[in-house]
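Here is the structure we will look at, set down as structure tokens.
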Amino acid sequence: MMMMTMYFHFRIGDPILFEQWVPGNTTGYVFSCLAVGAMAVFFEFLKLGRLALGKEVDADCACTTSLLNCPCDTATASGSDRSTAQLVRQDTINYKKIFGDGRHVINSLTMVFQAFLGYSLMMVSMTYNVPLVASVVLGHTVAFLFIGPLINTKDHERIGECCS
């Protein structure tokens with residue numbers, strides 16, 4: 001069994017995610033780095049897509065979905081005290097409505113793919129291969145250059161990127 005190096009290196013012949021994905025030459029290595037960068041870009045756009053799928057109509061509301069009968073669904077924007085209202089009560093959850101909503105099902109399936117892609121990018125980073133790690137970081141950065149201005153602070157909090 002081959003031991004993995006636990007320090008940053010520049011080797012070309014190491015496997016990437018799968019035993020069969022081993023760049024044998026510089027060209028294959030460059031294309032592997034481009035593929036990993038594209039995975040990171042796609043990951044960021046996937047998060048934006050999930051955000052758009054679950055977008056709440058009331059942008060001032062702290063609730064993430066209207067399917068749970070949140071107090072913001074009935075509260076007016078002027079003068080309602082949302083902080084004291086119970087956000088989710090067990091007797092008001094309509095599971096039939098939640099699981100019958102196509103957007104929620106698509107959002108859930110997209111979440112599975114996003115989690116798989118995120119963990120795969122983490123595994124690529126754990127190879128400690130400097131160009132591959134740089135490709136992951138560069139992919140996230142390039143995507144954020146385009147996506148960042150489209151997302152406000154509340155949306156960053158919803159997708160788990162605020163203050164981390």
Side-chain angles (χ1 to χ4, degrees), residues 1-68 70 87-88 95 97-164:
M1 179 183 218
M2 187 173 90
M3 292 298 292
M4 198 166 110
T5 25
M6 301 299 280
Y7 53 85
F8 287 104
H9 59 85
F10 290 86
R11 279 195 304 279
I12 290 179
D14 286 347
I16 306 168
L17 289 180
F18 303 102
E19 190 176 357
Q20 296 80 16
W21 188 2
V22 181
N25 55 25
T26 306
T27 305
Y29 190 59
V30 168
F31 280 112
S32 294
C33 289
L34 291 173
V36 166
M39 286 170 56
V41 168
F42 184 66
F43 177 78
E44 293 294 328
F45 277 95
L46 201 58
K47 287 194 306 188
L48 179 68
R50 283 193 56 243
L51 182 67
L53 274 174
K55 192 78 171 164
E56 177 64 39
V57 176
D58 183 3
D60 187 40
C61 183
C63 296
T64 58
T65 178
S66 62
L67 297 175
L68 296 176
C70 292
L87 290 180
V88 179
Y95 289 105
K97 185 177 178 185
I98 291 171
F99 294 114
D101 181 30
R103 288 186 322 160
H104 176 69
V105 172
I106 291 171
N107 203 348
S108 298
L109 293 174
T110 307
M111 177 61 196
V112 170
F113 190 66
Q114 177 187 336
F116 175 76
L117 192 57
Y119 283 118
S120 296
L121 289 169
M122 179 192 66
M123 294 299 290
V124 168
S125 298
M126 289 177 62
T127 64
Y128 293 98
N129 192 311
V130 173
L132 290 174
V133 172
S135 296
V136 170
V137 172
L138 189 64
H140 285 297
T141 304
V142 166
F144 189 77
L145 283 172
F146 294 105
I147 293 173
L150 303 175
I151 302 175
N152 62 28
T153 305
K154 283 186 181 184
D155 291 340
H156 279 289
E157 290 172 358
R158 272 192 65 208
I159 59 176
E161 287 189 346
C162 183
C163 309
S164 58

Heavy-atom closest contact (V22 atom, P15 atom, distance): CG2-CA, 3.7 Å
For H9 against P131, the heavy-atom pair lying closest together: O-CD, 4.2 Å
If you measure from CZ on F116 to CE on M111, what distance do you get to the nearest 0.5 Å? 14.0 Å
What is the distance from atom OG of S32 to atom CG of D14, rounded to the nearest 0.5 Å? 11.5 Å
Candidate pair C33 and L132, rule side-chain contact (heavy atoms from CB on, under 4.5 Å), full reasoning: CA-CA 5 Å; C33 289; L132 290 174; 3.8 Å; yes
Over all atoms of both residues, closest heavy-atom pair of V124 and V36: CG1-CG1, 3.8 Å
Looking at H140 versus F43, is the centre-to-centre ring distance below 6.0 Å? yes
Roughly how far, to the nearest 0.5 Å, is CD1 of I106 from CZ of R50? 12.5 Å
Using every non-hydrogen atom in the two residues, find where P23 and G28 come nearest and quote the distance to one decimal. CB-C, 3.7 Å
Measure from the side-chain N and O atoms of T127 to the backbone N and O of M123, and report whether any donor-acceptor pair falls under 3.5 Å. no
Does the side chain of K47 reach to within under 4.5 Å of the side chain of I147, using non-hydrogen atoms? no
Please report the closest heavy-atom contact between M39 and L121, naming both atoms and the distance. CB-CD2, 3.9 Å
Test applied, side-chain contact (heavy atoms from CB on, under 4.5 Å); reference residue, N129; option that passes from F8, Y29, F10: Y29
When rounded to the nearest 0.5 angstrom, what is the spacing between CG in L46 and CG in L51? 11.5 Å
Does CZ in F45 sit with more than 12 non-hydrogen atoms of other residues, nucleotides or ligands closer than 6.0 Å? yes
On the 0 to 90° scale, with breaks at 30° and 60°, tag the F18-W21 ring pair as parallel, tilted or perpendicular. parallel
